[in-house]
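Only a predicted model underlies this, so the values are computations on that prediction, with no experimental measurement involved. Computed from heavy atoms alone, side chains included, the values below leave out hydrogens, waters and symmetry copies. Convention: sequence-line order gives letters A, B, ...; per-chain numbering from 1.
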Amino acid sequence: MTISVYNTPFRKKQEFTPLTGNRVNMYACGVTVYDMSHIGHARSMIIFDVISRFIRSKGYDLTFVRNFTDVDDKIIARANELGTSYKEISERYIDEFQADMRTLKVQKADVEPKATEYMPQIIDMILRLEEKGFAYRADDGSVYYSVTKFRGYGSLSGRRTEEMLAGARVDIGELKRDPLDFALWKRSKEGEPWWESPWSRGRPGWHIECSAMSTSILGPTIDIHGGGRDLVFPHHENEIAQSEGTYGVPFVRYWVHNGFVTIDGEKMSKSLGNFLTIRDLVKDVHPEVLRLLLISQHYRSPINFSRDSLQASTQAMVRFYEVLDRVNRCPATAPENRLTPLTGTFLEDFDQALSDDFNTPRAIALLHDLTTVLNRTLDDSPAVTAADRDGVKGAFGKASEVLGILEEEPAGFLESVRRSGMSATGLGASEIEELISQRAAARKARDFGKADGIRDLLLSKGIQLKDTPEGTLWETL
RNA sequence: GGCGGCAUAGCCAAGUGGUAAGGCGACGGUCUGCAAAACCGUUAUUCACCGGUUCAAAUCCGGUUGCCGCCUCCA
């Protein structure tokens, strides 16, 4: 099944074919490291994580690059605020970011370049742009990109240069010729970090680093370039102008942009101050629940974060793990395979769903369908074959390989969900288990008053019992 | 103001020409000593509104209304 991808500049899905045989080059814009990452970053990282996992699972030879912007105005501002160096700030928040990604099971990219490690390449690219007449020097030693020199500027975002020029604001004190021109090289002020260059002691503008890192690692034309919707203009538009201006070949074949996480319907961002950090969230929420939540809506749509959506995702994860656990606990005494035909169908449908522009919501719906049909079969007769068990493992294993959920031992996951609610119950696991076995004994003796008394006692402490053919389970409410 | 996107049941949400996935919730049933869980069934003759194209439209085109994003740092 070939993959179709929604390509931003064309505003429609297109069949995906790599530029070179089986090789796929992908670049995703990473984060500017000046603060803790929030759930909006998590969404973007998880989406490109799933995309890269899926592309690999289809057998492509993928090289995935995700950068760090480790020098920029905000980092410098933060450093000054805290009386430290930009380097300390960026290194610290890169470490924090990496820790968050490990928690969220976001795989490391093949190359994770930092802007400051690519100064020669950045400077070289600006020199070439100068030679070709796309860049000009300002009086202060900064260098700007002349947007009107690049035909096709605005094609990604669907804007016309003339219209933008007409409506543009002009900042006082800027040394640009046109308001749309953007800095390739900025002369550093007193006390700011700088690098030696042909123009001035300064630092690169934000956009040039991605062009330089992308082309020097992956070549002048790459297959997939992605990032948040907010990067379409001007960031990605400027990257195109820079890279195509330098090399004269198409920069990116498929542009992929993800929608925002909103809170109460408003975009979450650092500047609005309405953001939830990943670190805070995973204190109470299992990382897989967070992953499921963030991929349960299509990547291009905005997703609203709420207590309700968190609750729904938790329930869904518990449902998946319970059926897995159920299959594990079933005796392997069935005379014939009943689950393997179901899991076989699932695998085909799952691939089809994700091949259609990475439709994770549909893939998750398929997991629900599979869960239902597995439960139904086991309700009918609670026995499996060894092949059934492997089939179920294979099906959920595929989901775990691609979506990065369901990677834990079912019993362990259910245990950790229980534990997250257990402090409120005032009981320990062993006490609960003891009460459950007392109840079982009472039921066996048909002393239902006592049995129900125990059940009510546990319920009053927030513990719900579930009697299954394979035994009694419990969960915290 | 310019550009772009979205509007599907009580809620969340798939679905880009062929007659409305999935989840949560609610209600009825099976199971159960009774419950819970699990399972079965019901819950949108209809996809913001108005026109148009078509044998056929939630899906395409035009218009209206509402919401959101970008245009300044932003995943």
Which part of the nucleic acid does [X] contact within heavy-atom distance under 4.0 Å: base, sugar-phosphate only, or nothing?
X         : result
Arg443(A) : base
His235(A) : nothing
Gln311(A) : nothing

key: Between Tyr144(A) and Phe182(A), ring centroids under 6.0 Å   = no
inquiry  = For Tyr93(A) together with Phe68(A), are the ring centres under 6.0 Å from each other?
reply    = no
Contacts under 3.5 angstrom, residues 145-152 of chain A side chains, donor-acceptor by atom type, not counting sequence neighbours:
| from | atom 1 | to | atom 2 | distance (Å) |
| --- | --- | --- | --- | --- |
| Tyr145(A) | OH | Ala241(A) | O | 2.6 |

remark   = Per-nucleotide protein contact along nucleotides 36-42 of chain B, 5' to 3', at a 4.0 Å heavy-atom cut-off (B base, S sugar-phosphate only, - neither), is BBBSS--
inquiry  = rU16(B), OP1 or OP2 - any side-chain N/O from Lys13(A) closer than 4.0 Å?
reply    =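 Yes.
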message = Please determine whether a side-chain nitrogen or oxygen atom of Asn304(A) lies at a distance below 4.0 Å from atom OP1 or OP2 of rC12(B).
response =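 For Asn304(A), the contact criterion (side-chain N or O under 4.0 Å from OP1 or OP2 of rC12(B)) is not met.
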query = Which residue, Phe448(A) or Ser301(A), contacts RNA chain B at a nucleotide closer to its 5' end, judged by nearest heavy atom?
reply = Ser301(A)
ask   = Out of rG33(B), rG22(B), rA14(B), which has the shortest distance to the side chain of His368(A)?
value =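 Taking heavy atoms from C-beta onward, the closest nucleotide is rG22(B).
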ask   = Expressed in whole Å, how much space separates the P atoms belonging to rA48(B) and rA58(B)?
value =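 The same atom, P, in both gives a distance of 10 Å.
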task = Please step through salt bridge (Lys or Arg N to Asp or Glu O under 4.0 Å) for the pair Glu322(A) and Lys466(A), ending with a clear verdict.
result = CA-CA 11 Å; Glu322(A) 277 185 343; Lys466(A) 299 179 177 183; 3.1 Å; yes
query = In Watson-Crick or G-U wobble terms, both distances under 3.5 Å, what is the partner of rC47(B)?
reply = none
